[in-house]
Amino acid sequence: MRLVLTLLVRDEADIIATSIDYHRAQGVDHVIAMDNGSTDGTREILTGYADRGELTLVDGADEPFDQSLLVSRLARAAATEHGADWVINADADEFFWPRSGTLADVLSAVPPDAGTLAMIRNDFPPAPGEGPFWERMTVRETVSVGQTGHRLVPKVAHRGSAEVVVADGNHAADGAGLDAAPFIPAIEVLHFPYRDLEQATRKAEQMATRRRISGVHRQGEVADHMLLGEFVAGGTFAAWFAERRVADAAAAGSGGRLVTDTRLRDFLREGIERRAPDPAATAVLADEFAQAAIRIADLERAAVVVADLAASLDERLTAARAALEATEANLAAERAAHYETAEALRLLRDSRAVRLAHSARRVIRPGR
C-alpha cells in the first residue's frame, strides 16, 4: 500500500520539517508540497527535501488561493504521478496520529468498498515558554470549538483518484469509489494552529486576506479566519492570544475541557525513525471496521422498520382524524337541527294562536 501526503503551505518554517519527518516515520511514502508564496524560509526547507528525493515541490507562488482547486490538483497528482493508493491532504500544523500501527496500517484496514475515512481533529492551545512547539504544547482540548461556536469539522483521507475533488479545508473528498467508511476513531488529527504570537498573528492576517480575495462565504472556519483577521486589524489579537495560552497545570482544573497529551512530544523525543508495518494492527482495525459496518447495517434496518411503523401510524392517524372530522360535522349538523327545532317551538309558543288557545281553555275551564 502506497501512501502520499499532500501539503499546501505558506510561511510554516517553524513546523514544516517536523511535519514531514513525523509523517514519513508514520508510514507516508512520499510528500507532494505546494509552496504558496512563502517568504520565511519554508521554500528553502522544502527544496532540501526535494533534493533528497523525499518530496515533490510544486511552485504555487503565483497561484490565487483557492484551497479546493489547489489541493484537488495535488491529490490527483498523488494518484496519477506517484501511484498513491491512499492520500492524506494536510496542513503543516496537523499531525495525523494512528491509534495503533502506522498510518499505512490503518488505511490498509479500511473496507474495500469504502474510499474515504473521517478523522476527528482537536486543537492544542498555545503554551508559554521557550523551545520547540511540541515540547511546550502538551495540553489538548477534548472537544475543539471555533471562534464562531461551531465544532471543528473532521478531516478525511481518501483513496487515490485521478478525478477526486477535495473540499475546501480538506473536510471531504468526492469522486467515484469514495464512499465513506464506517466511522471508528482510527486516526486522530493533533492540531497546533497557533504556536507563538508572531506566527499566530501572521497566520491570522494571511488567512483573512485569502478568504477576502477568494470570496468564500462567511461560515464555519472561514468565519473564524475573518474574525481573527478583524482582531489583528483592531489591535486585539495579542489579547486574544494571551487568553488562549495554557500551562501544563491547566488541564487538571479544566473540568475535562482540557487533557494532558504528550504523544507527539514523546514520539519526537525518542527520535524520528520510520515505524515498521504492523499487520496485527491492520487485522484488529479491519475487524473493528467490519463490526462497525454490521452495527450500521442493523441501524439502517431498524430505521426502515421504524419508518414503516411511522408510515402505518401516520395512515391510522389520518384515518382517525378523518373520522373525527366526520363526527364533528355530524355533531354540528345535529346541533344546528336542535337549534332550529328549539327556535320553531319558541316561535310557536309566542304565537297569537297559542295565546288565544290558552285564553279559551281558561274560559271553558274556569279555575284551572
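Counting begins at 1 with the first residue of the sequence.
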In residues 324-341, what donor-acceptor pairs under 3.5 Å come from side-chain atoms, sequence neighbours left out?
| unit_1 | atom_1 | unit_2 | atom_2 | d |
| --- | --- | --- | --- | --- |
| Thr327 | OG1 | Ala323 | O | 2.9 |
| Asn330 | ND2 | Ala326 | O | 3.4 |
| Thr341 | OG1 | Ala337 | O | 3.1 |

**OP:** Run the numbers on His191 and Lys155 for side-chain contact (heavy atoms from CB on, under 4.5 Å), then give the verdict.
**Re:** CA-CA 11 Å; His191 192 210; Lys155 298 286 179 143; over 6 Å; no
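The hydrophobic cluster around Phe183 extends to Ile120, counting ILVMFWY residues whose side-chain heavy atoms fall within less than 4.5 Å of a member. Hydrophobic cluster of Ile15: the remaining members, joined at side-chain heavy-atom separations below 4.5 Å, are Tyr22, Phe95, Trp97, Phe124, Phe133, Trp134, Met137, Leu190, Phe192, Leu264, Phe267, Leu268, Ile272, listed by chain and number.
Atom CG of Asp287 sits about 9.5 Å away from atom CD1 of Ile184, to the nearest 0.5 Å. Annotation: the span from His23 atom NE2 to Thr18 atom OG1 amounts to 11.0 Å, rounded to 0.5 Å.
Within the structure, salt bridge (Lys or Arg N to Asp or Glu O under 4.0 Å) pairs that include any residue of residues 28-41 comprise Asp29-Arg274, Asp35-Arg43 (at least two apart or interchain). Counting only residues at least two apart or in different chains, salt bridge (Lys or Arg N to Asp or Glu O under 4.0 Å) contacts with residues 105-129 comprise Arg121-Glu221. Within the structure, salt bridge (Lys or Arg N to Asp or Glu O under 4.0 Å) contacts touching residues 251-264 (residues at least two apart or in different chains) are Arg140-Asp261, Glu188-Arg263, Asp261-Arg263. Counting only residues at least two apart or in different chains, salt bridge (Lys or Arg N to Asp or Glu O under 4.0 Å) contacts with residues 6-21 comprise Glu12-Arg195, Asp14-Arg195.
Residues Glu273 and Arg24 are not paired through a salt bridge, judged by the lack of any N-O separation under 4.0 Å between the basic side chain and the carboxylate.
Residues that satisfy the ring-ring contact (aromatic ring centres under 6.0 Å, His included) test with His82, not counting sequence neighbours, are His30. Shown here are the side chain to side chain donor-acceptor pair (under 3.5 Å) partners of Arg265, two or more places apart in sequence or in another chain: there are none. The side chain to side chain donor-acceptor pair (under 3.5 Å) search around Ser108 returns none, not counting sequence neighbours. Residues meeting the side chain to side chain donor-acceptor pair (under 3.5 Å) test with Thr201, sequence neighbours left out: none. For the side chain to side chain donor-acceptor pair (under 3.5 Å) test, residues two or more places apart in sequence or in another chain that qualify with Asn89 are Thr6, His158.
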